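Notes for the one structure printed next.
All chains are named by letter (A, B, ...) in the order of the sequence lines, taking the proteins before the strands, and each is independently numbered beginning at 1. As the structure is a computational prediction, the values presented were derived from the model and not from experiment.
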Amino acid sequence: MTNPTPTSPAPIRVRIAPSPTGDPHVGTAYIGLLNYIYAKQRGGQFVLRIEDTDQTRFVATSEQMIFDSLRWLGLTWDEGPDVGGPYGPYRQSERTEIYREYVKILLANGTAYRSYETPEELEAVRKAQLAAKLPPRYNGAHRELTPEQIAAYEAEGRAYVIRLKVPAEGETSFSDELRGEISFSHNNVDDQVLIKSDGYPTYHLANVVDDHLMHITDVIRAEEWISSTPKHILLYKAFGWDVPRFWHMPLLRNLDKSKISKRKNPVSLIYYRESGFLPPALLNFLGLMGGGMPAPTEKNDTAEIFTLEKMLAGFRFDKISLGGPVFDLTKLKWLNGEYLRALSPEAFFEAMRQTVFSDRYLQAIAPLVQTRIETLAQFGDLADFFFKDDVVPDQAVFLPKKRTLEETLAFAAELLTVIEATPFTVEDLEPALKQLGIDKEWSVKENFTLLRTVVTGKTASPPLLESMIVFGKARTLDRLRRFLDTQKKLANQKR
RNA sequence: GGCGUUAUGGUGUAACUGGUUAACACGUCGCCCUCUCAAGGCGAAGAGUCCGGGUUCGAGCCCCGGUAACGCUACCA
């Protein structure tokens with residue numbers, strides 16, 4: 001281990017701070033892995049903090065899924081909401097009082113101010129700026145309100161936000177450990193909202209306050225945060241605090257090089273677990289993203305295959321390559337195959353039992369087929385789609401008689417959107433899907449037949465919605481996505 | 001539009017502080033093995049390093065200028 005990291009007297013402490021807004025994300029696992037390695041290599045601590053400050057995007061089941069997925073991968077944390085620690089609470093929604101206290105310091109020393117505009121007013125300003133081809137920025141209208149103006153707004157009972165008062169002149173720069181000196185002119189740094197009108201902090205404030213209070217020494221996060229780093233630095237300075245080291249990692253990409261997204265890739269860790277990817281294989285693959293490990297040099301060199309232990313021993317942060325790596329499922333599958341083949345027959349059998357043929361899964365499927373078969377051997381005929389990675393329905397099967405391919409695919413895309421946005425229960429899905437049918441003038445039969453064929457590959461199946469629930473949201477959505485992809489490719493080939 | 005980051009085969013990476021013909025893996029194609037399909041073995045195609053200048057005996061690596069992609073540009077993270 002020859003990392004060029006300056007050895008700091010304080011123990012190394014890093015953190016990941018996922019938001020419970022949906023399924024746990026591969027990006028979280030990626031950044032989590034890097035943080036984990038960094039901490040373990042230096043005898044430091046790895047903290048898990050839940051950033052649940054956005055009430056509008058909060059998903060109740062999300063936090064537990066984050067815990068489960070990270071544990072599944074073996075990325076365990078030393079401090080966190082569920083295991084506690086000396087600097088808790090580790091859930092930001094439980095720390096709102098702390099932020100409110102700290103923001104008073106800023107208000108008192110003039111580095112923050114109250115701003116009384118309504119969201120509508122701000123939106124109007126933004127539109128005008130855009131129309132005038134100006135950069136959309138907060139216009140600073142409330143930076144210097146007189147006591148009378150403030151009193152007037154207060155008397156009106158207007159809600160306010162608290163904003164960071166970015167200096168009018170000069171610039172803020174910092175040294176990224178991976179990228180070197182980066183600087184931003186203050187002209188380009190907005191007066192960021194610190195406390196929203198609902199009293200919750202924004203990411204920026206909560207993040208800085210917590211990182212300081214939790215003694216975080218190294219902030220290892222994704223590249224998308226570079227632009228907001230000057231705001232964070234300004235905050236540290238406004239508080240008079242030391243600034244941690246920053247490491248901005250490259251962003252995982254889709255095949256088309258855009259930031260990895262659920263539209264174009266399975267990004268849910270739940271999907272990878274349910275599809276039978278092995279934790280060491282996923283970790284290994286993530287470790288390949290952006291380099292850091294010694295590269296293979298000779299023919300049939302297997303240096304690309306390594307365990308977490310090997311990463312702890314050999315991963316070099318100074319070897320990370322900064323171009324955004326494409327998350328290539330094809331190579332991940334090859335790697336996973338390597339791991340599967342390396343298993344002993346007993347271990348392989350066990351892996352099968354614990355995933356595709358788990359008691360839990362079979363128990364959920366059984367009642368759906370029991371009344372529909374006459375011999376047990378028919379189970380497979382009816383339930384095959386539960387055990388397949390993909391089903392590819394033929395056009396003759398999925399295309400309703402009175403519909404064109406084009407409108408059918410458009411409707412399938414709508415199905416995807418609705419299912420994605422609806423709580424994954426029969427009670428919620430059924431009305432939502434029926435409503436979509438009404439809106440688009442698709443009969444219930446056409447509607448459900450299309451969905452059935454895409455998800456199960458057949459025109460006859462156990463109850464569709466119940467089957468989808470058992471099959472799982474992540475994989476159901478993936479089938480819809482793959483269906484659309486496949487059909488799009490076929491259409492392109494014909495052209 | 002503004003700001004920032006990045007740039008090596010289709011994809012992931014390699015190439016010591018500038019030094020042979022740009023290497024390895026995935027993928028693709030072919031051959032072998034084989035009842036089939038995988039796996040495995042052997043082999044092939046595929047980049048002249050985003051473009052243009054410059055420095056140098058010599059540049060993927062250094063300098064200058066472009067371009068493109070991506071990210072940010074929210075009372076989301």
Side-chain angles (χ1 to χ4, degrees), chain A residues 17-22 25 27-28 50-58 92 115-123 126 129-138 159-163 171 176 178-180 182-190 192-207 221-231 248-260 285-305 319-335 337-338 340-341:
Chain A
S19 279
T21 53
H25 200 277
T28 302
I50 294 293
E51 307 229 339
D52 53 349
T53 57
D54 185 355
Q55 300 173 298
T56 60
R57 297 204 306 157
F58 180 76
Q92 290 185 331
S115 170
Y116 292 86
E117 290 100 335
T118 63
E120 293 72 35
E121 289 169 347
L122 292 172
E123 189 51 36
R126 196 171 300 124
Q129 287 168 330
L130 248 16
K133 305 228 176 208
L134 290 166
R137 291 235 291 125
Y138 177 61
Y160 62 84
V161 299
I162 296 175
R163 287 180 183 271
E171 59 171 37
D176 184 284
L178 260 17
R179 300 158 197 263
I182 298 177
S183 69
F184 290 82
S185 161
H186 289 159
N187 298 325
N188 297 314
V189 183
D190 219 346
Q192 183 63 48
V193 170
L194 266 17
I195 300 272
K196 306 177 219 175
S197 55
D198 65 4
Y200 276 81
T202 57
Y203 168 87
H204 307 279
L205 204 225
N207 177 72
R221 52 162 37 161
E223 183 184 352
E224 55 186 330
W225 294 107
I226 291 176
S227 319
S228 33
T229 305
K231 293 170 186 172
H248 288 99
M249 309 305 302
L251 222 38
L252 263 22
R253 312 290 183 97
N254 298 312
L255 228 31
D256 64 4
K257 298 278 186 184
S258 55
K259 169 168 130 178
I260 195 166
F285 181 67
L286 256 13
L288 247 23
M289 303 279 88
M293 287 295 282
T297 51
E298 282 159 34
K299 206 114 184 89
N300 298 324
D301 199 331
T302 55
E304 282 190 330
I305 301 175
K319 287 290 189 182
I320 283 171
S321 96
L322 264 12
V326 170
F327 190 91
D328 184 4
L329 229 23
T330 307
K331 186 151 186 175
L332 170 57
K333 281 188 187 162
W334 163 77
L335 239 193
E338 289 287 311
L340 244 24
R341 274 172 238 123

Which whole-number value in Å describes the distance from [X] [atom1] to [N] [atom2]?
X        : N     : atom1 : atom2 : result
A:Lys333 : B:U28 : NZ    : P     : 12 Å
A:Asp328 : B:U28 : CG    : P     : 11 Å
A:Met249 : B:U6  : CE    : P     : 13 Å
A:Asp176 : B:U6  : CG    : C1'   : 12 Å
A:Ile226 : B:U6  : CD1   : C1'   : 9 Å
A:Ile320 : B:U6  : CD1   : C1'   : 15 Å
A:Leu322 : B:U8  : CG    : P     : 12 Å
A:Phe285 : B:U11 : CZ    : P     : 13 Å

How far, in whole Å, is [M] from [N] if one measures between their [atom1] atoms?
N     : M     : atom1 : answer
B:A25 : B:U67 : C1'   : 31 Å
B:G27 : B:A38 : P     : 12 Å
B:G4  : B:U21 : P     : 39 Å
B:C29 : B:G10 : C1'   : 14 Å
B:G41 : B:G46 : P     : 24 Å
B:U11 : B:A74 : C1'   : 34 Å
B:G9  : B:A15 : P     : 16 Å
B:A69 : B:C31 : P     : 41 Å

Partners meeting side-chain contact (heavy atoms from CB on, under 4.5 Å) with [X] (sequence neighbours left out):
X        : value
A:Ser115 : A:Tyr113, A:Glu117, A:Tyr138, A:His142, A:Val161, A:Arg163
A:Asp256 : A:Asn254, A:Ser258, A:Lys264
A:Leu340 : A:Leu278, A:Asn336, A:Leu343, A:Phe348

- Message: Categorize A:Gly337 for me: base, sugar-phosphate, or nothing, with a 4.0 angstrom heavy-atom threshold over every strand shown.
- Response: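 Nothing, no nucleic acid heavy atom in range.
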- Message: By the 4.0 Å heavy-atom rule, please label A:Met293 as base, sugar-phosphate, or nothing.
- Response: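 Counting heavy atoms under 4.0 Å across all strands, no contact is made by A:Met293.
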- Residues that A:Glu171 engages under salt bridge (charged side-chain N to carboxylate O under 4.0 Å, His left out), provided they are two or more places apart: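 Not a single residue meets the salt bridge (charged side-chain N to carboxylate O under 4.0 Å, His left out) criterion with A:Glu171.
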- For A:Asp328, which residues count as a salt bridge (charged side-chain N to carboxylate O under 4.0 Å, His left out) partner, sequence neighbours excluded?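 Applying salt bridge (charged side-chain N to carboxylate O under 4.0 Å, His left out) to A:Asp328 gives none.
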- Task: Could you go through the side chain to side chain contact (heavy atoms under 4.5 Å, CB included) check for A:Arg221 and A:Asn207 one step at a time?
- Result: CA-CA 12 Å; A:Arg221 52 162 37 161; A:Asn207 177 72; 3.6 Å; yes
Distances under 3.5 Å between nitrogen or oxygen atoms of protein and nucleotides 46-48 of chain B:
none

Name each donor-acceptor pair under 3.5 Å that joins a side chain in residues 285-297 of chain A to protein atoms two or more places apart or in another chain, with its distance.
none

- Could you walk me through whether A:Leu335 and A:Glu304 pass the side chain to side chain contact (heavy atoms under 4.5 Å, CB included) check? CA-CA 9 Å; A:Leu335 239 193; A:Glu304 282 190 330; over 6 Å; no
- Task: Identify whether the glycosidic angle of B:G65 places it syn (within 90° of 0) or anti.
- Result: anti
- Message: Strictly distance-based, threshold 3.5 Å: is any side-chain N or O of A:Asp54 a donor or acceptor partner for the main-chain N or O of A:Thr56?
- Response: yes
- Message: With a 3.5 Å distance limit and no angle check, can you tell me whether A:Asp176 reaches the backbone of A:His248 through a side-chain donor-acceptor pair?
- Response: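 Between the backbone of A:His248 and the side chain of A:Asp176 there is a qualifying donor-acceptor contact (under 3.5 Å).
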- Can you tell me how far OH of A:Tyr203 sits from NZ of A:Lys231, rounded to the nearest 0.5 angstrom?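 Going from NZ on A:Lys231 over to OH on A:Tyr203, the span is 11.5 Å.
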- Message: To the closest 0.5 Å, what do you measure between CD1 (A:Ile226) and CE (A:Met249)?
- Response: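 A:Ile226 atom CD1 to A:Met249 atom CE measures 11.0 Å (nearest 0.5 Å).
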- Sequence neighbours excluded, every pair satisfying salt bridge (Lys or Arg N to Asp or Glu O under 4.0 Å) that has a member inside residues 193-202 of chain A: none
- Query: Could you run down nucleotides 64-77 of chain B 5' to 3' and tag each one B, S or - for protein heavy-atom contact under 4.0 Å?
  - Reply: -----SSBSSSBBB
- Task: Would you indicate whether A:Glu298, at its atom CD, is surrounded by more than 12 heavy atoms from other residues, nucleotides or ligands within a distance under 6.0 Å?
- Result: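 At most 12 heavy atoms, drawn from other residues, nucleotides or ligands, come within 6.0 Å of this atom.
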- Message: Run the ring pair (Phe, Tyr, Trp, His ring centres under 6.0 Å) test against A:His204 and tell me which residues pass, sequence neighbours left out.
- Response: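 Ring pair (Phe, Tyr, Trp, His ring centres under 6.0 Å) check on A:His204 returns A:His232.
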- Message: With nearest nucleotide decided by heavy atoms, which residue, A:Arg341 or A:Ser185, maps closer to the 5′ end of RNA chain B?
- Response: A:Ser185
Polar atom pairs between nucleotides 21-24 of chain B and protein, under 3.5 Å, N or O only, would you list them?
residue : atom : partner  : partner atom : Å
B:A23   : O2'  : A:Thr297 : O            : 2.8
B:C24   : O4'  : A:Thr297 : O            : 3.4
B:C24   : O3'  : A:Glu298 : O            : 3.1

- Task: Please list every stem that involves RNA chain B, where a stem is a run of 3 or more consecutive Watson-Crick or G-U wobble pairs with both pairing distances under 3.5 Å.
- Result: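 Only these stems qualify: B:1-7 with B:67-73, B:10-13 with B:23-26, B:28-32 with B:40-44, B:50-54 with B:62-66.
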